[in-house]
Amino acid sequence: MGACSSGIGTAVKRRLSSDESDEETLFGRTISTDSGFFRRQSSGSSGGFLSFFRQHSGASSQDLEIRDKVSAPQQTIRSPKSAIRESARAYERAAVDALVAKQREMLSTIMMELDGHGRKMGHWIWWVFPTETIGDHDPANTMVTKDTALLLLAAETSLAWRQVLEKICTLLEQEGIHVLPRRDHGRIHFFLTFWTELESCPAWLRSVCKRLQQFSWPKN
């Protein structure tokens, strides 16, 4: 290998002609070559030049291949943990997008139901009281996390969501806790836990939580 390296260095530094020389580069270094003879040997391609260089420098194909491998850019390989984190973020984003979609579809119907019956009648608790856990019977598999909460709060459904929550608070204060079925009380408990601990929780939602906290919401 030492003899080959010496031969490469000699060929790199060597000026093939003192007249009419052009600059060519090899391995990042500049050499002077005879514009006529050398260009005929290389035929305008790096392959022709390498062939010529191997013949006159004594460098083997293995020498040049080793240099090519060393100089090749390194590829970034993701760690398994990084891939898992990316997958989790995508899953959380899909869940909050599904939540916004269900709110867009259902909130006006929910408000009409509350106005007409004065209590919850349908199956929509997951989309009005979202938590970090997907409900057992939620057909849309919705949830919200600390990382996606701002997406929900900034969605176009935010105002309608607020109005429904405030309507429920008013009915609770007027009619009592039976406005919401007993099976939903655990979700209200975890809704309050999530949103009251969220630093980015807006003032209107903190007010809703305070009104809901007037009542006892068992976990189970």
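Starting from 1, each residue takes its place in the sequence as its number. This is a predicted model, so every value here is computed, not measured.
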Once rounded to the nearest 0.5 Å, what's the spacing between atom CG of Asn141 and atom CD1 of Ile134? 4.5 Å
Can you tell me how far the CH2 atom of Trp161 sits from the CE atom of Met111, to the nearest 0.5 Å? 13.5 Å
Which residues pass the salt bridge (charged side-chain N to carboxylate O under 4.0 Å, His left out) test with Lys167, sequence neighbours left out? Asp115
Of all the heavy-atom pairs spanning Phe191 and Cys209, show the shortest one and how long it is. CE2-SG, 4.2 Å
Members other than Ile84 in its cluster, when Ile, Leu, Val, Met, Phe, Trp, Tyr link by side-chain heavy atoms under 4.5 Å? none
Show me the pairs that pass ring pair (Phe, Tyr, Trp, His ring centres under 6.0 Å) and involve residues 130-158, at least two apart or across chains. none
Taking atom CD of Glu92 and atom NZ of Lys146, what is their separation to the nearest 0.5 Å? 12.0 Å
Please collect all side chain to side chain donor-acceptor pair (under 3.5 Å) contacts where either partner lies in residues 118-130, sequence neighbours excluded, each pair once. Glu113-Trp124, Lys120-Asp184, Trp127-Asp138
Which heavy atom in Ala98 sits nearest to a heavy atom in Thr142, and how many Å separate them? C-CG2, 3.7 Å
Of all residues at least two apart in sequence or in a different chain, which pass the ring pair (Phe, Tyr, Trp, His ring centres under 6.0 Å) check with Phe194? none
With sequence neighbours left out, write down each residue that passes salt bridge (charged side-chain N to carboxylate O under 4.0 Å, His left out) with Arg211, or none if nothing qualifies. Glu173
Please give me the minimum heavy-atom distance between Val128 and Val164, naming the atom from each residue. CG1-CG1, 3.9 Å
Listed partners of His178 passing ring pair (Phe, Tyr, Trp, His ring centres under 6.0 Å), at least two apart: none
Considering residues at least two apart in sequence or located in another chain, which fulfil the salt bridge (charged side-chain N to carboxylate O under 4.0 Å, His left out) criterion with Arg162? Glu166
For residues 148-158, pull every pair meeting side chain to side chain donor-acceptor pair (under 3.5 Å), keeping only residues two or more places apart or in separate chains. Gln103-Thr157, Arg104-Glu156, Thr145-Thr148
Shortest non-hydrogen pair, Pro218 vs His189, comes out as O-CB, 4.0 Å
So, for Ile177 and Ser216, which heavy atoms are closest and what is the spacing to 0.1 Å? CD1-O, 3.3 Å
Can you list everything that forms a salt bridge (charged side-chain N to carboxylate O under 4.0 Å, His left out) with Glu105? Sequence neighbours excluded, please. Lys102
Could you tell me which residues satisfy side chain to side chain contact (heavy atoms under 4.5 Å, CB included) with Thr133, sequence neighbours excluded, listed by chain and number? Thr131
Among residues two or more places apart or on two chains, list those pairs meeting side chain to side chain donor-acceptor pair (under 3.5 Å) that have a residue in residues 191-209. none
How far apart are the closest heavy atoms of Ala149 and Val144, and which atoms are they? CA-CG2, 3.6 Å
